[in-house]
Enquirer: 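Got a structure for you, questions after.
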Amino acid sequence: MQYPQRTFDMRKTLSTLSFALALASGQGFADQATLNALQTAGITLSEAQVQAVAAAQGDALVQVIAGLVASDPNAAAAIVAAAVAAAPAQAVAITAAAVAAAPAQAAAITAAAVTAAPSQAAAITAAAVTAAPAQAAAITAAAVTAAPAQAAAITAAANNAAATSAGLSASSAGASAAATTSSVPSSSGGSGGGGGGGTASPN
């Protein structure tokens, strides 16, 4: 009569062990390191945000970090610093998404990312300028301050990104103007001729 209970207990034990193994292998909490970094930095997270960060990885993590920045722009620099330090492979993507989410904090975000991953300073700066071209000067200055040894590379990357963004904007404006012009009907030559004939003096 005890066998059913023993079977249940065994299944329960196996389920617990499987869950523990999933956690250890990263399947249960894909980015516990980033969550720990954010909490250590003093970032206040809701239960839903905790679960989202813990379960995210790759592109999903980038989007989660952007969401945190959007919800608390004043903490953008601290959020990005913690995230980049914990996931340096995502430094460029995290910076771009964070700047897009809070462009007014672009310089602070860039400085935080460069400080956390100085070897990627040029790429981080380019991503930030591309995301917020109007902040290019401030972004460049912040990046150079954070990694002065890479000033030349940072400046070149920022200039290239700004030029590319300007070119894309010009192309878009030109295409829009062309489309607007083509949609305006031209005056009829026949009507002009008829008007001229009406005003001609009789012979």
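What you are looking at is a predicted structure, and each value in this text was computed from that prediction instead of being measured. Atoms considered below: every heavy atom in the structure, side chains included; atoms not considered: hydrogens, waters and symmetry mates.
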Enquirer: To the nearest 0.5 Å, how far apart are CD in Gln49 and CD1 in Ile65?
Expert: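 The CD atom of Gln49 sits 10.0 Å away from the CD1 atom of Ile65.
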
Enquirer: What are the two closest heavy atoms between Ser71 and Leu68, and how far apart are they?
Expert: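 Minimum heavy-atom separation between Ser71 and Leu68: OG-O, 2.8 Å.
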
Enquirer: Quick check on side-chain contact (heavy atoms from CB on, under 4.5 Å): which of Ile154, Val144, Thr110 does Ile139 satisfy it with?
Expert: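 Option passing the side-chain contact (heavy atoms from CB on, under 4.5 Å) with Ile139: Thr110.
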
Enquirer: Nearest heavy-atom pair of Ala142 and Ala107: which atoms, and what distance?
Expert: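 For Ala142 and Ala107, the tightest heavy-atom pair comes out as CB-O, 3.4 Å.
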
Enquirer: Atom CD1 of Ile79 and atom CG of Leu38: how far apart are they, to the nearest 0.5 Å?
Expert: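 Here the rounded value is 7.0 Å.
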
Enquirer: Would you name the heavy atoms of Ala117 and Ala91 that are closest together and state the gap between them?
Expert: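 In this case the closest contact between Ala117 and Ala91 is CB-CB, 4.3 Å.
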
Enquirer: Hey, any chance Val92 and Val80 share a hydrophobic cluster, counting ILVMFWY side chains that come within less than 4.5 Å of each other, even indirectly?
Expert: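 No; tracing contacts between hydrophobic side chains, which count when under 4.5 Å, never links both residues.
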
Enquirer: What is the distance from atom CG of Leu45 to atom CG of Asp72, rounded to the nearest 0.5 Å?
Expert: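 So the gap between those two atoms works out to 9.5 Å.
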
Enquirer: With side chains defined as the heavy atoms from C-beta onward, is the minimum distance between Val84 and Gln90 less than 4.5 Å?
Expert: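 Side chain of Val84 against side chain of Gln90, heavy atoms only: no contact under 4.5 Å found.
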
Enquirer: Going by side chain to side chain donor-acceptor pair (under 3.5 Å), name the residues that satisfy it together with Asn36, two or more places apart in sequence or in a different chain.
Expert: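 Counting only residues at least two positions away or on another chain, Asn36 forms a side chain to side chain donor-acceptor pair (under 3.5 Å) with Gln32.
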
Enquirer: What distance do Leu35 atom CG and Thr40 atom OG1 have between them, rounded to the nearest 0.5 Å?
Expert: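 Output value for this atom pair is 9.0 Å.
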
Enquirer: So how far is it from Asn160 CG to Thr164 OG1, rounded to the nearest 0.5 Å?
Expert: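 Nearest 0.5 Å value for the CG-OG1 distance: 6.5 Å.
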
Enquirer: Taking all atoms of both residues into account, what is the closest heavy-atom pair of Ala77 and Ala108, and its distance?
Expert: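 So the two residues come closest at CB-O, 3.8 Å.
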
Enquirer: Has Asn159 got more than 12 heavy atoms of other residues, nucleotides or ligands less than 6.0 Å from its CG?
Expert: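 Above 12, so yes.
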
Enquirer: Group every Ile, Leu, Val, Met, Phe, Trp and Tyr by side-chain heavy-atom contacts under 4.5 Å, then state whether Ile94 and Val64 land in the same group.
Expert: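 Yes, Ile94 and Val64 fall within the same hydrophobic cluster.
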
Enquirer: So which heavy atom on Ala126 is nearest to which on Ala157, and how close?
Expert: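 Closest pair (atom of Ala126, atom of Ala157, distance): CB-O, 4.0 Å.
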
Enquirer: Which heavy atom in Pro103 sits nearest to a heavy atom in Gln135, and how many Å separate them?
Expert: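 Looks like O-CG, 3.7 Å.
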
